Amino acid sequence: MTDTITSPDHSSAAYLDAYSRINAMVIVGEGLADRHFRLLAAAIPDDAETLQVLAAMEGRHARDFVGCGANLGVKPDSPLARSLFAPLHALFLEANRAGDRVACLVIQCLIVECFAVAAYRCYLPVADAYARPITAEVLKDEALHLSYGEDWLRPRFQQVAAGVVACCQRAVPVALSMLERLKPDLETIGIDPIELVGEFMACFQESLQAIGFSPSRSRQVLSELAVSALA
Ligand code: PL3
Ligand code: FE2
Ligand code: FE2
């Protein structure tokens, strides 16, 4: 890799093939985010209205990214994306069934949203001219989704801290393992997978600090995750 950003050829067969899988991941991820925010609206009645608005934004993101694939003439590989997202979605549903609002918020608002922020930040400089302004707009919305979760968890820090850590230990490795299968496709569309994981970790550490963990505790939580990912 050179340190100058080299834009991929957005019309090559290899690019379009890789994009069919990446585009599907994003569309499925946005669609699940829509469902998760609707479930959160039911679980947190005080904030139902806000959460419905966030859900609607996710539905719009899904449609916007459908447009990005269509603009390139790509058919998204949805079955693959659904199977890659299934374990994380299952964890969310399990937490929802158990009435564990903390875990639901950690999975959707911290983990999935940090993943989205990291992915879209890395995609922005290598995106085609149609997708770039759309991605920039979506990125602004994702920051709101992240701060909804942070703002709910922060005032309850003492009560939720242990649950946040426990949920991270289960769900972050599940999220990172989704990237494994996508590595070659990410490279083909011009994204360095290592840089993506780095962005995710940085974003996630910031969120942990935003809800009340000390810088050293949040670094420790993340390094334990890195260790378990290597084990
Ligand atoms: C929450 O609002 C949406 C969640 C979507 C998560 C997308 C994850 C995608 C994984 C790798 C894709 C990186 C490239 C992005 C290109 C548009
Ligand atoms: Fe989104
Ligand atoms: Fe989002």
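As the structure is a prediction and not an experimental result, all values here were calculated from the model. Just so you know, these numbers use all the heavy atoms, side chains as well, and skip hydrogens, waters and symmetry mates. One-based numbering, in listed order, for ligands and for the atoms of each.
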Test your reading of the model: is there a side-chain donor-acceptor pair from R181 to the backbone of L84, 3.5 Å cut-off? no
Check: W152 main-chain N/O paired with R156 side-chain donor or acceptor under 3.5 Å: yes
Please list the nearest protein heavy atom to [atom] with its residue and the distance rounded to 0.1 Å.
atom: atom 16 (C) of ligand 1; value: Y123 CG, 3.4 Å
atom: atom 4 (C) of ligand 1; value: V112 CG1, 3.6 Å
atom: atom 9 (C) of ligand 1; value: V26 CG2, 4.1 Å
atom: atom 10 (C) of ligand 1; value: F115 CZ, 4.1 Å

Under the ring-ring contact (aromatic ring centres under 6.0 Å, His included) criterion, do F37 and Y148 qualify, and how do the steps go? CA-CA 11 Å; F37 277 113; Y148 172 82; 7.1 Å; no
Report the relative orientation of the aromatic rings in Y15 and H10; use parallel for angles under 30°, tilted for 30 to 60°, perpendicular for over 60°. perpendicular
Is R132 paired with D128 through a side-chain N to carboxylate O contact shorter than 4.0 Å? no
Salt bridge check: are E94 and R170 linked by an N-O gap of less than 4.0 Å? yes
Quick one: closest heavy-atom pair of L208 and C168, and the distance? CD2-SG, 4.5 Å
With a cut-off of 2.8 Å, does any N, O or S atom of E113 fall short of it relative to the Fe ion (ligand 3)? yes
Nearest to the Fe ion (ligand 2), which N, O or S atom of E142 do we find? OE2
Which is the closest N/O/S atom of E30 when seen from the Fe ion (ligand 2)? OE1
Examine the side chains of H145 and E58 and answer whether a donor and an acceptor come within less than 3.5 Å of each other. yes
Which atoms of ligand 1 sit under 4.0 Å from any heavy atom of [X]?
X: L186; value: 13 (C)
X: E113; value: 1 (C), 2 (O)
X: E30; value: 1 (C), 2 (O), 3 (C)
X: Y120; value: 5 (C)
X: I22; value: 12 (C), 14 (C), 16 (C)

Do any N/O atoms on Q108 end up under 3.5 angstrom from N/O atoms on ligand 1? no
Min N/O separation H145 to ligand 1 under 3.5 Å: no
Just wondering, do [Y] and [X] contact through their side chains at under 4.5 Å, heavy atoms?
X: E30; Y: E142; result: yes
X: P215; Y: Q209; result: yes
X: V28; Y: L32; result: yes

Can you give the angle H61 ND1 - the Fe ion (ligand 2) - E58 OE1, rounded to 10°? 90°
Which bit of [X] is near ligand 1, meaning a heavy atom under 4.0 Å away: side chain, backbone, both or neither?
X: M178; value: neither
X: L32; value: neither
X: I191; value: side chain

In H145, what N, O or S atom is nearest to the Fe ion (ligand 3), if we give its atom name? ND1
Spatial distance of atom CD1 (I22) from atom OH (Y19) [nearest 0.5 Å]: 9.5 Å
